[in-house]
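Following: one structure in structure tokens, then a few remarks.
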Amino acid sequence: MGITQQQQDSIVAHYELGLPDGQVARLAGVSLATVKRYRQRLGLPTRDVKARRGRFGERVVLERAQALGLAVEWRGHATAPYDLRIEGRRVDVKAASRGRNGGWRFRLGGVRSSFHSRYRYRKDYAADCEVVALVCLQGDDEHVAVYLLESGTVPSNVQIYEGGEWEAHREAWETALPRQWPLAA
């Protein structure tokens, strides 16, 4: 089902006002996914800080994996439950900025919402991907850390501090490899 010309005009008008996708969706009376699809068709970039942060995190993981000589590809389609494939393993990338407490917090809960929180669906990291890559941003491109965890063991709330309990997973690229492959030093 398509959207009306009035809804299309509303999406563009509200986007041009500088509103984020969620607010544009509410005002236009369409789903967030519809706004994203329509905006992408028009070549309009997202204004959503979390989405831009997520795309940057995906790019960091992609570039670092490629620099190690690993085969990397973007997800097969926009609605895939993971972001990248590294050596055939599905990787979901999450990015966070440093919090006031000096650490990074990743909420990996099992429930997501859509269409203005009207619908809720289950997110099962263990079923959707093999690896979760947590990208810790420090505000510039030079200071970024990537923590790689097996999806089946990742808790729903991860707090990362430099030198903390998750340090063994920092730049642990062997996690992204099929089990039979050692990562060359």
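Applying the side-chain hydrogen bond (donor to acceptor under 3.5 Å, both in side chains) test between Asp9 and each of Gln6, Gln7, Gln5 identifies Gln5 as the sole match.
In terms of heavy-atom proximity, Leu148 sits nearest to Glu171 at CD1-C, 4.2 Å. When all heavy atoms of Ser151 and Cys129 are compared, the closest pair comes out as OG-O, 2.5 Å. The two residues Val24 and Tyr15 have their closest heavy-atom pair at CG2-N, 3.9 Å. Residue Tyr147 comes nearest to Leu149 through the heavy atom pair O-CD1, 3.9 Å, listed as atom of the first residue, atom of the second, then distance. Listed here is the closest heavy atom pair of Val131 and Thr175: CG2-O, 3.3 Å. The heavy-atom pair separating Arg64 from Val144 by the smallest distance is NH2-O, 2.8 Å.
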Please test Asp83 against Trp74 for side-chain contact (heavy atoms from CB on, under 4.5 Å), starting from the C-alpha separation and ending with a verdict.
CA-CA 6 Å; Asp83 298 308; Trp74 290 99; 5.6 Å; no

Verdict with supporting geometry, Phe56 and Val135, side-chain contact (heavy atoms from CB on, under 4.5 Å)
CA-CA 9 Å; Phe56 178 75; Val135 180; 5.6 Å; no

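Atom CD of Gln138 is separated from atom CZ of Arg98 by 4.0 Å, given to the nearest 0.5 angstrom. The CD1 atom of Ile86 sits 8.0 Å away from the CG atom of Leu62 when rounded to the nearest 0.5 Å. Put simply, OG1 on Thr46 and CZ on Arg52 are 7.0 Å apart, with the number rounded to the nearest 0.5 Å. Taken to the nearest 0.5 Å, the CD atom of Glu87 stands 5.0 Å off from the CG atom of Leu70. Residue Gln8 holds its CD atom at 8.5 Å from CZ of Arg41, rounded to the nearest 0.5 Å. With rounding to the nearest 0.5 angstrom, the NZ atom of Lys94 is 12.0 Å from the CZ atom of Arg53.
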Please output the side-chain donor-acceptor pairs of residues 153-160 that fall under 3.5 Å, not counting sequence neighbours, one pair per line with the distance.
{"from": "Thr153", "atom 1": "OG1", "to": "Glu150", "atom 2": "O", "distance (Å)": "3.2"}
{"from": "Asn157", "atom 1": "OD1", "to": "Arg105", "atom 2": "NE", "distance (Å)": "3.2"}
{"from": "Gln159", "atom 1": "NE2", "to": "Tyr161", "atom 2": "OH", "distance (Å)": "3.2"}

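For the pair Tyr82/Arg89, no side-chain contact is recorded, criterion being any heavy-atom separation below 4.5 Å from C-beta on. Contact of the His14 side chain with the Arg26 side chain is not registered, since no non-hydrogen atoms from C-beta on lie closer than 4.5 Å.
Between Asp92 and Arg90 there is no salt bridge, since no side-chain nitrogen of the basic residue lies less than 4.0 Å from a carboxylate oxygen of the acidic one. Using a 4.0 Å cut-off between charged side-chain N and carboxylate O, Arg170 and Glu167 make a salt bridge.
Checking side-chain atoms of Trp104 against main-chain N and O of Leu137 turns up a donor-acceptor pair under 3.5 Å.
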